[in-house]
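For reference, the structure discussed in these notes is given below.
The shown structure was predicted, so the numbers you read here are calculated from the model rather than taken from an experiment. This chain uses plain numbering: 1 for the first residue, then up along the sequence.
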Amino acid sequence: MSVGLDDGAAAALAEVDAIRRRVVNVIGHALRTPITTLCGMAEALAQAKDPVVRAELQVAVERNAVTVERLLDDLLIASGVSTALPVDELSLVELGDAVWAAWRSIDGDGELLLEGDRELTVSARRAAVERALALLLDNHAKYGNGPIAVRLGREGDRAVVQVATTGGQPAEAEQPLIFELFYRGEHAVMSAAGLGIGLPVARALVEGEGGTVTLEMTDGGVVSRLELPVITGTT
């Protein structure tokens, strides 16, 4: 004897199925291009005879492998898999240096203005801090206008990094959803390609270091705010 679903159960099942299809679709599209590229380069490397060409292909294969690995780590971190978080040792991280390292990692070609206490230092996993900053900077570079203004400062026992750009505000109804995994508002969809995982990953990375990431809407734009515990005794 078959048991039918009531309307509530059927609607819930349909919602779960829709979410499952969306996740598979997003991940599939995200991985297909870099993996296809990687396979093509590996095949070309196997056939290449010229040592110069082989060296160039080897570098390209390594670079694309790192891209795929980072994408997979981001997806796992955004999904709450803590084992994908950086595992390097705690170290003293000067936030000014971390901002510039993050900017270089995303090949930022716009204008970055860094102000405040560049020597402000936190004890954290450098990889987590730089990756979180890179994701925030990339988000502002994609969806904001004009230069990116970064300000470093201290508020009580917290080191604060504020990243600001003009424009790029999501609609008011979308704002409560901006940290939801795979969520992309209308402005984001129309402005640049993306997966909707950058902000969730940045928040997860920083929370793993005892900090917080929030977004604030201003009259003219958006401010990302990253906070981390400051080292006792620093100024």
### hydrophobic_cluster_shared for Leu113 and Val222, side chain cutoff 4.5 Å
no
#### Entry: Transitive ILVMFWY side-chain link Ile106 to Val99, under 4.5 Å
yes
## Note on the structure
For Val53 and Ala48, the nearest pair of non-hydrogen atoms, with its separation, is CG1-CB, 4.1 Å
### Task
Decide yes or no for Glu130 and Ser105: does some side-chain heavy atom of the first lie under 4.5 Å from some side-chain heavy atom of the second?
no
### Arg203 side-chain N/O to Thr214 backbone N/O, donor-acceptor pair under 3.5 Å
no
### Query
For the hydrophobic clusters of this structure (ILVMFWY residues joined by side-chain heavy atoms under 4.5 Å, transitively), does one cluster hold both Ile197 and Leu72?
yes
### Query
For the residue pair Arg126 and Leu92, what are the closest heavy atoms and their distance?
NH2-O, 3.1 Å
#### Entry: Side-chain ion pair, Glu209 and Arg125, N-O less than 4.0 Å
yes
### Query
Which heavy atom of Leu137 sits nearest a heavy atom of Ala102, and at what distance?
CD1-CB, 4.0 Å
### Message
Quick one: does any side-chain atom of Asn64 pair with a main-chain N or O of Ala60 as donor and acceptor, under 3.5 Å?
### Response
yes
### Message
Using only atom types and a distance under 3.5 Å, with no angle test, would you say the side chain of Thr121 pairs donor to acceptor with the backbone of Glu119?
### Response
yes
### Salt bridge present between Arg70 and Asp74 (N-O < 4.0 angstrom)
no
### Query
Does any N or O in the side chain of Arg118 come within less than 3.5 Å of the main-chain N or O of Leu120, such that one atom is a donor and the other an acceptor?
no
### Message
Tell me whether Trp100 shares a hydrophobic cluster with Leu152, the cluster being built from Ile, Leu, Val, Met, Phe, Trp, Tyr side chains joined at under 4.5 Å.
### Response
yes
### Message
Taking Leu135 as the starting point, is it possible to reach Val68 by hopping between hydrophobic residues whose side chains are less than 4.5 Å apart?
### Response
yes
### Least distance between heavy atoms, Phe179 atom then Val213 atom
CZ-O, 3.8 Å
### Message
Which heavy atom of Ala127 sits nearest to which heavy atom of Asp88, and what is that distance?
### Response
N-OD2, 3.4 Å
### Query
Less than 4.5 Å apart, any side-chain heavy atom of Thr165 and any of Asn145?
no
### Query
Checking side-chain contact (heavy atoms from CB on, under 4.5 Å) against Val206, which of Leu133, Leu226, Val129 comes through?
Leu226
### Query
Do Trp103 and Ile148 have side-chain heavy atoms sitting under 4.5 Å apart?
yes
## Note on the structure
dist Met41:CE -> Arg63:CZ (nearest 0.5 Å) comes out at 6.0 Å
### Message
Could you report the tightest heavy-atom contact between Leu38 and Ala65, atom names first, then the distance?
### Response
CD1-N, 3.9 Å
